[in-house]
Amino acid sequence: MAARPDLRPYAREVARIVAEIVKEVNSLPLEKQKQLLEKEYSWVIEARKQKEEREKTLPPLPGAEEGKVVTRFAPNPDFAIHLGNARPAILSHEYKVMYKGKLILRFEDTDPRTKTPLPEAYELIRRDLKWLGIEWDEEYIQSLRMKTYYDIARKLLEKGCAYIDDLPSQEYKRYRDKGLLEKYPPRLRGIEENLELWDKMLEGHFAEGEAVLRVKTDPNHPDPSIRDWVAFRIIDTGKHPHPLVGDRYVVWPTYNLAAGVDDHLMGVTHILRAKEHMQNTEKQKYVYKCLDWKYPEVMHFGRLKLEGFVMSKSALKKLYEAGTASGIDDPRFATIAGLRRRGFTAEAIRKLILEVGVKYTDASISFANLAAINRSIIDPRAKRIMAVIDPVPVLVEAIPWKEEVFEIPYHPNGKLGSRKITVKGPQATIYVSSSDLETMERNKVIRLMEAFNIEIIDTGRKPIKAKYHSRSLDEARKHNAPIIQWVVAEHATPLELVVPEGLELRREHGFAEEAAKSLRRDEVVQLVRIGFARIDAVESDEEGNVRNIVAIFSHE
RNA sequence: GCCGCGGUAGUAUAGCCCGGCCAAGUAUGCGGGCCUUUCAAGCCCGUGACCCGGGUUCAAAUCCCGGCCGCGGCACCA
């Protein structure tokens, strides 16, 4: 009906005919229906296929032209970035690529008092962005652009769009809340006087809280926070020095002034930001209007939560500063660094963000969802390694060889090479996971994965008593033998598996097979029947012998 | 309280602008099966959603009104 609007007047009639035909088709046998569809209406099948093959892409950007799009990512360098910040960063980058435009990285560090920039954060953020595969074309640091903001302030004052307020803030609020802002004395000041006061501010005549520069807005705007908002305030940088510019400036622009001005000056065409900035857009527009600038297109989106993780920047910061975390990359953190340390790939994070898209609503990402995306990326390249947790020794007797070497591929797809495991006879001690004890009590015959079968004699002892049973997999199947991972005691390498669980870090101890010694830091492996883990450290003694391996559990 | 934005399965998302190809698609989760020298991967089957109530219309997830719920903002923070 959408395709044939000419039929609309006959809707009732058409509906009747359609119903008849549907009835007729349904009366045919299923096979006949299929045949008919393929023969006469193959285009229907084709169309379905095409629809299915369409890949998930971002919606088009309003008013965007290829080659002319400029986006920006503007973090506050008071901490490292986390998954929530990654959203605007990834989306901005994605749109830049989509439209062959530019991406600007801008550090918004104009509050040395309450959001004191962390000196190392600038570099941490750059590193995390690079790791995410984000490439930016220009970079700015706001604390290094103070003169620009001062020039704008002067312009606003000259045009009568702003004024200096040197009364106590309670006084301002009194006028504002009574709806008398139009009669607020500082607001009525002449341009010359404002400019003089501005110079005094810059020269340091005022202390913190004694004077601000306000932008004139609709004095009766329904949202009181928008009315004559503060664009510049005084910060005592003697007490709160800025990590980059120390105490060079005392007059500091607020977020709305600095960001608003920069977006125009840097030629930003599209702003992608979280919805807490919605009101800010409105504030900034007063500056734009005064200076006759065009406001960029803005897209707002909701918050992102990752199930089981601490997301709030302030909470993360608190834990970090309290020293209870192992660093900004603590695997319990949803920081980019934390997720990386836990074994999540940049590609998985990107896919997740693209999947969530640009909706207004908040999204609580389930951990299973992120894990599934990550799994599909790491599974083909993760070596399979056998490890046992909370190890239990098993003494296997009557082994019919002196020494046997088992060559086992690192991956069932056969593409990652293989390693050798040597088992000596006539008896050998191996370790299994304590979680497999129950299995061994229930089943007489057990297959040691990729090797041979053993018969359990006595689980009541330590070590558990067992004897060689047979070699082949077929034999194992015949006995319905469960297949478990195992580690030869002689070559067992101590393994510490760190399992993040909410705000807890559980440490499990066990052994990994000898081949684990050749693993490198950052490598992501699959601990067979346990799950994926990232190698966090391979610790050696002075002679270079591996003494301990630390792995961080990623997900199943 | 005031201002602003939303509400599709357990989770995420498509569809909403432009009403009919939607008895609502996809991914993940969950249940079952096949396959498999892993509890991984792969394959098959199943499960499960349009916040509620009215209205407009031949036809509403889609448009209109009311309600409910959630989120954001209400700083000399960003």
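Each chain gets a letter, A, B and so on, in the order the sequences are listed, and its residues count up from 1.
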Open item on the list: I'd like to check the side-chain hydrogen bond (donor to acceptor under 3.5 Å, both in side chains) partners of Ser143(A); sequence neighbours left out, ordered by chain and number.
Closed with: Asp109(A)
Task: P spacing across the pair G31(B) / G25(B), given as an integer number of angstrom - done: 22 Å
TODO: Please name all residues satisfying ring-ring contact (aromatic ring centres under 6.0 Å, His included) with His240(A), sequence neighbours left out, ordered by chain then number.
DONE: none
Open item on the list: Measuring only the C1' atom in each nucleotide, how far is A24(B) from A9(B)? A whole number of Å is fine.
Closed with: 11 Å
- [ ] Please measure how far the P atom in A14(B) lies from the corresponding atom in A27(B), and state the result in whole Å.
- [x] 15 Å
Could you go over nucleotides 35-38 of chain B and give all protein N or O partners under 3.5 Å, atom names and distances?
{"unit_1": "U37(B)", "atom_1": "OP2", "unit_2": "Arg477(A)", "atom_2": "NH2", "d": "2.2"}
{"unit_1": "U37(B)", "atom_1": "O2", "unit_2": "Glu450(A)", "atom_2": "N", "d": "2.3"}
{"unit_1": "U37(B)", "atom_1": "N3", "unit_2": "Arg447(A)", "atom_2": "NH2", "d": "3.3"}
{"unit_1": "U37(B)", "atom_1": "N3", "unit_2": "Glu450(A)", "atom_2": "N", "d": "3.3"}
{"unit_1": "U38(B)", "atom_1": "O2", "unit_2": "Gln526(A)", "atom_2": "OE1", "d": "3.3"}
{"unit_1": "U38(B)", "atom_1": "O2", "unit_2": "Arg529(A)", "atom_2": "N", "d": "3.3"}
{"unit_1": "U38(B)", "atom_1": "N3", "unit_2": "Gln526(A)", "atom_2": "OE1", "d": "2.7"}
{"unit_1": "U38(B)", "atom_1": "O4", "unit_2": "Arg384(A)", "atom_2": "NE", "d": "2.8"}
{"unit_1": "U38(B)", "atom_1": "O4", "unit_2": "Arg384(A)", "atom_2": "NH2", "d": "3.0"}

Task: Test salt bridge (charged side-chain N to carboxylate O under 4.0 Å, His left out) applied to Lys285(A) - qualifying residues, sequence neighbours left out - done: none
- [ ] Scan Phe532(A) against the nucleic acid and name what it touches under 4.0 Å (heavy atoms): base, sugar-phosphate only, or nothing.
- [x] sugar-phosphate
- [ ] Determine the interatomic distance between P on A60(B) and the same-named atom on G20(B); round to the nearest Å.
- [x] 11 Å
- [ ] Could you work out the separation of A59(B) and G54(B) based on their P atoms and round it to a whole Å?
- [x] 15 Å
- [ ] Check salt bridge (charged side-chain N to carboxylate O under 4.0 Å, His left out) between Lys275(A) and all other residues, then give those that pass, not counting sequence neighbours.
- [x] Asp362(A)
Task: Letter per nucleotide, 5' to 3', of nucleotides 72-78 of chain B [B base touched, S only sugar-phosphate touched, - untouched; heavy atoms, 4.0 Å] - done: BSS-BBB
Task: Which residue lies more 5' along RNA chain B, comparing Ser435(A) with Ile365(A) via nearest heavy atoms - done: Ile365(A)
Task: cation_pi(Arg342(A), Phe309(A)) dist<6.0 Å, angle<=45 - done: no
- [ ] Quick one: list whatever passes salt bridge (charged side-chain N to carboxylate O under 4.0 Å, His left out) with Glu321(A), sequence neighbours left out.
- [x] none
- [ ] Determine, stepwise, if the pair Trp229(A) / Tyr286(A) fulfils ring-ring contact (aromatic ring centres under 6.0 Å, His included).
- [x] CA-CA 10 Å; Trp229(A) 55 273; Tyr286(A) 285 95; 8.0 Å; no
TODO: Provide, to the nearest angstrom, the distance between the CG atom belonging to Leu416(A) and the P atom belonging to A40(B).
DONE: 19 Å
Task: Inter-nucleotide C1' distance (G48(B), G67(B)), Å rounded - done: 27 Å
Open item on the list: Working note: Arg113(A) + Glu208(A), criterion salt bridge (Lys or Arg N to Asp or Glu O under 4.0 Å); need CA distance, chi angles, decisive distance, verdict.
Closed with: CA-CA 11 Å; Arg113(A) 185 178 46 202; Glu208(A) 262 185 32; 2.6 Å; yes
Task: Contacts of Lys478(A) that satisfy salt bridge (charged side-chain N to carboxylate O under 4.0 Å, His left out) - sequence neighbours left out - done: Glu475(A)
- [ ] Could you give the distance separating G10(B) and G29(B) at their C1' atoms, to the nearest angstrom?
- [x] 7 Å
Task: Secondary-structure string, 5' to 3', Watson-Crick or G-U under 3.5 Å, | for another-strand partners, for RNA chain B - done: (((((((..((((......[....))))((((((.......))))))...(((((..]....))))))))))))....
Open item on the list: I'd like the C1' distance from C50(B) over to A40(B), given in whole Å.
Closed with: 35 Å
- [ ] Please name all residues satisfying side-chain hydrogen bond (donor to acceptor under 3.5 Å, both in side chains) with Arg233(A), sequence neighbours left out, ordered by chain then number.
- [x] none
Could you give the side-chain donor-acceptor pairs of residues 370-389 of chain A under 3.5 Å, partners two or more places apart or in another chain?
{"unit_1": "Asn374(A)", "atom_1": "OD1", "unit_2": "Thr345(A)", "atom_2": "N", "d": "2.9"}
{"unit_1": "Asn374(A)", "atom_1": "OD1", "unit_2": "Thr345(A)", "atom_2": "OG1", "d": "3.0"}
{"unit_1": "Asn374(A)", "atom_1": "ND2", "unit_2": "Gly343(A)", "atom_2": "O", "d": "3.2"}
{"unit_1": "Asn374(A)", "atom_1": "ND2", "unit_2": "His555(A)", "atom_2": "NE2", "d": "3.0"}
{"unit_1": "Arg375(A)", "atom_1": "NE", "unit_2": "Glu556(A)", "atom_2": "O", "d": "2.8"}
{"unit_1": "Arg375(A)", "atom_1": "NH2", "unit_2": "Glu556(A)", "atom_2": "O", "d": "2.9"}
{"unit_1": "Ser376(A)", "atom_1": "OG", "unit_2": "Ile373(A)", "atom_2": "O", "d": "2.8"}
{"unit_1": "Asp379(A)", "atom_1": "OD1", "unit_2": "Arg384(A)", "atom_2": "NH2", "d": "2.8"}
{"unit_1": "Arg384(A)", "atom_1": "NE", "unit_2": "Gln526(A)", "atom_2": "OE1", "d": "3.3"}
{"unit_1": "Arg384(A)", "atom_1": "NH1", "unit_2": "Asp379(A)", "atom_2": "O", "d": "3.1"}
{"unit_1": "Arg384(A)", "atom_1": "NH1", "unit_2": "Ala382(A)", "atom_2": "O", "d": "2.9"}
{"unit_1": "Arg384(A)", "atom_1": "NH1", "unit_2": "His411(A)", "atom_2": "NE2", "d": "3.1"}

Task: Under the side-chain hydrogen bond (donor to acceptor under 3.5 Å, both in side chains) test, residues paired with Arg529(A) that sit two or more places apart - done: Asp436(A), Gln485(A)
Open item on the list: As a test of reading the structure: which of A12(B), A14(B), A41(B) is closest to the side chain of Val356(A), going by heavy atoms?
Closed with: A12(B)
